[in-house]
2 protein chains.
Amino acid sequence: MNAIGFPTHDHSHCIADALKAAETLCAQRKLQFTPVRRRVLEILLQEHRALGAYGILAELAKDGLGSQPPAVYRALDFLVQNGLAHRIEQLNAYTACVHADRDHAPAFLVCRGCKAVAEAETELNQGRLGIAARHSGFVIERIVVEAEGLCPACAEGSA
Amino acid sequence: MNAIGFPTHDHSHCIADALKAAETLCAQRKLQFTPVRRRVLEILLQEHRALGAYGILAELAKDGLGSQPPAVYRALDFLVQNGLAHRIEQLNAYTACVHADRDHAPAFLVCRGCKAVAEAETELNQGRLGIAARHSGFVIERIVVEAEGLCPACAEGSA
DNA sequence: ATTGATATGTTATAACATTGCACATTACAA
DNA sequence: TTGTAATGTGCAATGTTATAACATATCAAT
């Protein structure tokens, strides 16, 4: 495993840790970390990439954990709602959160070659957009920041 | 007309100006500003809001300018490609550009109530995301910045 | 036992987008 | 001015993503 911002690492450990953290977080908030939800998060954690809902559904189906679209979408809603996963708007796809603990405004680097996703942070009312918002009385609740480009590996290949 | 960042203004004049500018720009670049393309831009310009492809298609169909999805998508591709319109990723929808002349990295305020869209600007390699990119050797080509929230009018209503 | 809250199952359909091919138009050089 | 390449359009079919609507299950609290 070696995606943008994720130098070679013990990936199975990384997955286990994240699942553990999710468990803890759900326990604290009295949320049900059900098999479907757990499995969807696990599938997302397999790769530091964005996966489409129907791809996830296919995996889910293999385990007999649901075969219809709503099953995935509900699980994804839950995960996104609780900050355990994020939606990548420009791909209509989903990716596991790399630091699900604290509340944050995520920003992403998305490789158009391999769909690898790296997560960074931003602020809600930063920069020119924040200024524009204040000027017009617009209240920002969420901000989507996604950079599209090429990761080092893909840049090499297409150069 | 009075959307975020667009205080009451002479909207028909605003539309006419934008169409004129688009014409000029296409002439300069030797691009064909065909009836379909012109009409799609005009439809987008009617409102400072994001419109879905199928909604636009319905309008187009009324004028006998195309009845199949590819007609709109091709026109939208053309407009987006040439900076005359933008795609709002979080809505899978499109909006006319308010300053199609210069090359720019657009950022948007999108009202979740009325879908009104205001356009601001940002920079490609700004802030923490730029830093993350430089650190990992990621080359940013395009950046999606979309703030979701409530415009003053909708905030009033839902308060 | 009954209720209420939450999660899931199931069918159907809405909404968004692309592919592939044939035909028309335009641009432009021979 | 005619041939030809490039570009744009029409049309049918299909693919992909997402939700509506309704039924059922599970389980804890009264």
Contact list for DNA chain C against residues 58-73 of chain B - heavy-atom distance below 4.0 Å: B:Pro69, B:Pro70, B:Tyr73
Sugar-phosphate only, base, or nothing, as touched by B:Tyr94 at under 4.0 Å among non-hydrogen atoms: sugar-phosphate
Over how many whole Å does the gap from [X] atom [atom1] to [N] atom [atom2] extend?
X       : N      : atom1 : atom2 : value
A:Leu57 : C:dT8  : CG    : P     : 14 Å
B:Leu91 : D:dT17 : CG    : P     : 18 Å
A:Arg38 : C:dT8  : CZ    : P     : 14 Å
B:Asn82 : D:dT7  : CG    : P     : 13 Å
B:Gln90 : D:dA18 : CD    : C1'   : 16 Å
A:Ile56 : D:dT16 : CD1   : C1'   : 14 Å
B:Phe78 : D:dA6  : CZ    : C1'   : 15 Å
B:Leu31 : D:dA6  : CG    : P     : 17 Å

Closest non-hydrogen atom pair between A:Leu45 and A:Ala96, with its separation: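 So the two residues come closest at CD2-CB, 3.5 Å.
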Which nucleotide in D:dT9, C:dT8, D:dA18 has an atom nearest any side-chain atom of A:Arg37: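 The answer is C:dT8.
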Rounded distance (nearest 0.5 Å) linking atom [atom1] of [X] with atom [atom2] of [Y]:
X        : Y        : atom1 : atom2 : value
B:Thr95  : B:Lys115 : OG1   : NZ    : 13.0 Å
B:Leu129 : B:Ile140 : CG    : CD1   : 5.0 Å
B:Leu41  : B:Leu76  : CG    : CG    : 10.0 Å

N/O donor-acceptor pair under 3.5 Å between B:Gln90 side chain and A:Val144 backbone: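 Side chain of B:Gln90 to backbone of A:Val144: no pair is present.
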Donor-acceptor pair, side chain of A:Arg37 and main chain of A:Gln32, under 3.5 angstrom: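 Yes, A:Arg37 side chain to A:Gln32 backbone: donor-acceptor pair under 3.5 Å.
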Mutual orientation of the aromatic rings belonging to A:His99 and A:His104 [parallel < 30°, tilted 30-60°, perpendicular > 60°]: perpendicular
pair B:Phe78-B:Val36: side-chain heavy atoms closer than 4.5 Å: no
B:Arg39 side-chain N/O to D:dT9 phosphate OP1/OP2 under 4.0 Å: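 Answer is no, no contact under 4.0 Å.
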Which residue lies more 5' along DNA chain C, comparing B:Gly52 with B:Lys30 via nearest heavy atoms: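 Counting from the 5' end, the first nearest nucleotide belongs to B:Gly52.
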Along DNA chain D (nearest heavy atom to each residue), the more 5'-positioned of B:Tyr54 and B:Asn92: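 Whichever sits nearer the 5' end wins; that is B:Tyr54.
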Pair B:His11-B:His13, side-chain donor/acceptor within less than 3.5 Å: no
Look for any protein N or O under 3.5 Å of an N or O in nucleotides 21-27 of chain C and output each such pair with its distance, or none.
none

